[in-house]
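Note sheet for the following structure.
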Amino acid sequence: MDDEEADLREQIFHNNVREQIIFLLLFILLYLFSFMLIEKFRRRDSEDYFTADEDEVKVYRISLWLCTFALAVSLGSALLLPVSIVSNEVLILYPKSYYVKWLNSSLIQGLWNHVFLFSNLSLFVFLPFAYLFSESTGFPGCRGLKGRVYETFIVLILLGIGMLGLAYVISAWLKGDRSGIDALLNLWTYLPFLYSCVSFVGVLMLLVFTPLGFVRLFGVVGGVLVKPQFLRDLNEEYYVCSFEEDTTRRRINNSLGTGASYISPEPMCPDRGDISAPLNLSTSDVKDSKIFQADGKEIPLLRLRNGALQVGLNERLQRIVTMRKEVENKRKTSSLQRNVVYPLAMLLLLALTTITVLMVLQNTLELLIGIKALPLSTRQFTLGIASLSKLGWAGATLEAFLILYLHAASLTGLCTPMRALRVLPRARRTPLTRIIALCAVLLVHSTAQPLLVKILGITNFDLLGEFGRIEWLGSFKLVLLYNAIFASTASLCLINKFTASVRRELYNRVKWIIDLFTITEDAPPSSRNSRHSTERSITEKTEIYPGNLEKSKIL
């Protein structure tokens, strides 16, 4: 018996060591990837930190390491469900394989617990400490690195007391039975409650940005891949850019030679400034093409004089050359990529979005009927017993792809308001405070992703660890309302995406017909010449009517 107990203890010890080694290796890989990602975007000039001050460099590095840790945790949280689903199917396919014995339920359960713990630490401790540490100056009489550490810890403790007090008030307001002194002193119970509130905010954020990301992904893929010839004539765009480049160069030479305030050839639309408008509003920045300002008034580019005119023309020439090179590179793409890859990519996006909406509708009906239970689950899960999908490994693989697709769509939708607010990270130009804020947003986004997938019924895999103990997941009305809103908004976004051009063109046509009859009825029937002049003016309007400009966008 002693030998058997010793062997059992030895086996438990070896299993624990193996799991910790696997956790460490996974974290190192995620940390290295996160570090490379942050290194690509962080600012590297003297404006972000003073390289001559050694303490400032140490503070900057420590804050950067904490941001990298939080980003690694967010990546691990985003990969929790796909890795768990794939691991379950691998154990079912190869139950007796020696190479997958290390992949067991204890390992996956420990991975979920570690991610939950590190998510709480990163969100409530590490990221606030990184921000406060980077902004601290030290107490009077205690400067240097030690003074900044003291100041950061004191401010962080005060902030923690304020957050725990707020959590106590919210908990007492929601539950109504936690107003005693014992509940106030039991501080450890408020950390999961705070995380539950943050996860609820993250799920609401995903409800807004995921349907928006479904639509935005079509535009992103269309911008990366080259469209077929019948959708986009690259030869025409190349010739337009070439002619525009030659004209701009000729105007620059003419301005340098004469120094006159006018340019030959004269612009077609002198009131608008001709080439002061961008070539393509979808690719060029409108602000860069805006015209110079003097005394608060906009001046068209072609009405400037001497040096200002030459500077404006040179900036315009640089944008045209960049656009011409981009179009020239796209012209070199193979016909296979343009005629096969682009349609397949669009069909794949449409199929994934349609399948997601149908699965959400099915989950809503099953919740209404009572076939499916709420995503709140605390039971022990054992890997490798049964497949999670009725289609076997193929259905499980589809679920994993759908989870990654939802993650990509929500990130794409999140970029839209961030671009409007001008807080998107830029390569080698992102300051440390913005990196900390972006890491916090990504952490909230990634930790709410498993909750979103489980609420929508994309997979049957139970939420393990503390993720399955979030209380608001047991509210039937909340989960049902979330599914209904998500399905309706996603469907409306898709319908609006594929019918917007047609509806806009129909509106323009109906408006044109109304204008036609209005002008015809108002014209005095004095002579036939006036009638012909009216018809001629209407014909000219149809030639420049904005509705005709939309014909190329219908496809």
Side-chain angles (χ1 to χ4, degrees), residues 82 209-241 279-284 322-362 389 391 393-416 419 456 458 486-487 489-506 508 547-555:
F209 295 127
T210 304
L212 181 61
F214 288 153
V215 179
R216 290 286 301 168
L217 270 179
F218 287 94
V220 171
V221 174
V224 173
L225 299 178
V226 182
K227 297 180 180 180
Q229 184 69 23
F230 66 91
L231 291 179
R232 182 180 182 183
D233 194 352
L234 291 176
N235 294 325
E236 182 180 355
E237 293 183 14
Y238 177 76
Y239 294 143
V240 168
C241 292
L279 286 178
N280 191 351
L281 291 176
S282 61
T283 57
S284 61
T322 303
M323 189 177 300
R324 179 184 59 80
K325 291 181 179 180
E326 181 181 353
V327 175
E328 187 176 3
N329 292 331
K330 290 183 178 181
R331 289 179 66 195
K332 297 178 182 179
T333 56
S334 61
S335 59
L336 178 65
Q337 179 180 352
R338 297 181 61 179
N339 299 323
V340 178
V341 176
Y342 179 83
L344 287 180
M346 290 298 171
L347 290 176
L348 180 62
L349 290 179
L350 182 61
L352 290 176
T353 308
T354 306
I355 292 173
T356 303
V357 174
L358 291 178
M359 292 183 71
V360 174
L361 291 175
Q362 179 186 0
S389 175
L391 301 177
W393 64 269
T397 305
L398 177 62
E399 290 180 0
F401 273 112
L402 287 177
I403 293 171
L404 296 176
Y405 174 66
L406 281 174
H407 195 69
S410 57
L411 283 177
T412 306
L414 183 62
C415 290
T416 303
R419 184 181 292 107
L456 299 180
I458 303 298
F486 186 90
T489 52
S491 302
L492 290 176
C493 287
L494 282 179
I495 292 173
N496 181 67
K497 170 66 177 177
F498 291 102
T499 62
S501 300
V502 177
R503 288 186 288 105
R504 193 183 302 114
E505 184 66 20
L506 289 175
N508 291 332
N548 294 330
L549 299 177
E550 299 291 335
K551 289 183 179 179
S552 59
K553 299 182 181 179
I554 297 179
L555 297 176

Tell me every residue that passes side chain to side chain donor-acceptor pair (under 3.5 Å) with [X], counting only those two or more places apart in sequence or in another chain.
X	result
Thr397	none
Thr356	none
Tyr238	none
Asn329	none

Please determine which of Val360, Thr210, Leu402 meets the side-chain contact (heavy atoms from CB on, under 4.5 Å) test together with Leu456.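 Only match with Leu456 under side-chain contact (heavy atoms from CB on, under 4.5 Å): Val360.
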Are any of the side-chain heavy atoms of Gln362 and Leu358 separated by less than 4.5 Å?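 SC-SC contact between Gln362 and Leu358 ruled out.
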Check: Leu348 and Leu352 side chains under 4.5 Å, non-hydrogen atoms: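 Yes, close enough: below the 4.5 Å cut-off.
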For [X], what residues pass the side-chain contact (heavy atoms from CB on, under 4.5 Å) criterion, not counting sequence neighbours?
X	answer
Thr412	Arg216, Leu217, Val220
Thr322	none
Ala345	Val221, Leu225
Lys497	Val215, Phe218

So how far is it from [X] [atom1] to [Y] [atom2], rounded to the nearest 0.5 Å?
X	Y	atom1	atom2	result
Glu399	Ile403	CD	CD1	6.5 Å
Thr354	Met359	OG1	CE	13.0 Å
Leu406	Phe401	CG	CZ	13.5 Å
Thr489	Leu212	OG1	CG	10.0 Å

Sorted by chain and residue number, the salt bridge (Lys or Arg N to Asp or Glu O under 4.0 Å) partners of Arg324 (sequence neighbours excluded) come out as Glu245, Glu328
Checking Phe214 now: which residues fulfil ring-ring contact (aromatic ring centres under 6.0 Å, His included) with it, not counting sequence neighbours?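 For Phe214, the residues satisfying ring-ring contact (aromatic ring centres under 6.0 Å, His included) (neighbours in sequence not counted) are Tyr405.
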Looking at every non-hydrogen atom in both residues, tell me the closest pair between Val357 and Ala487 and how far apart they are.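 Here Val357 and Ala487 meet closest at CG1-O, 4.4 Å.
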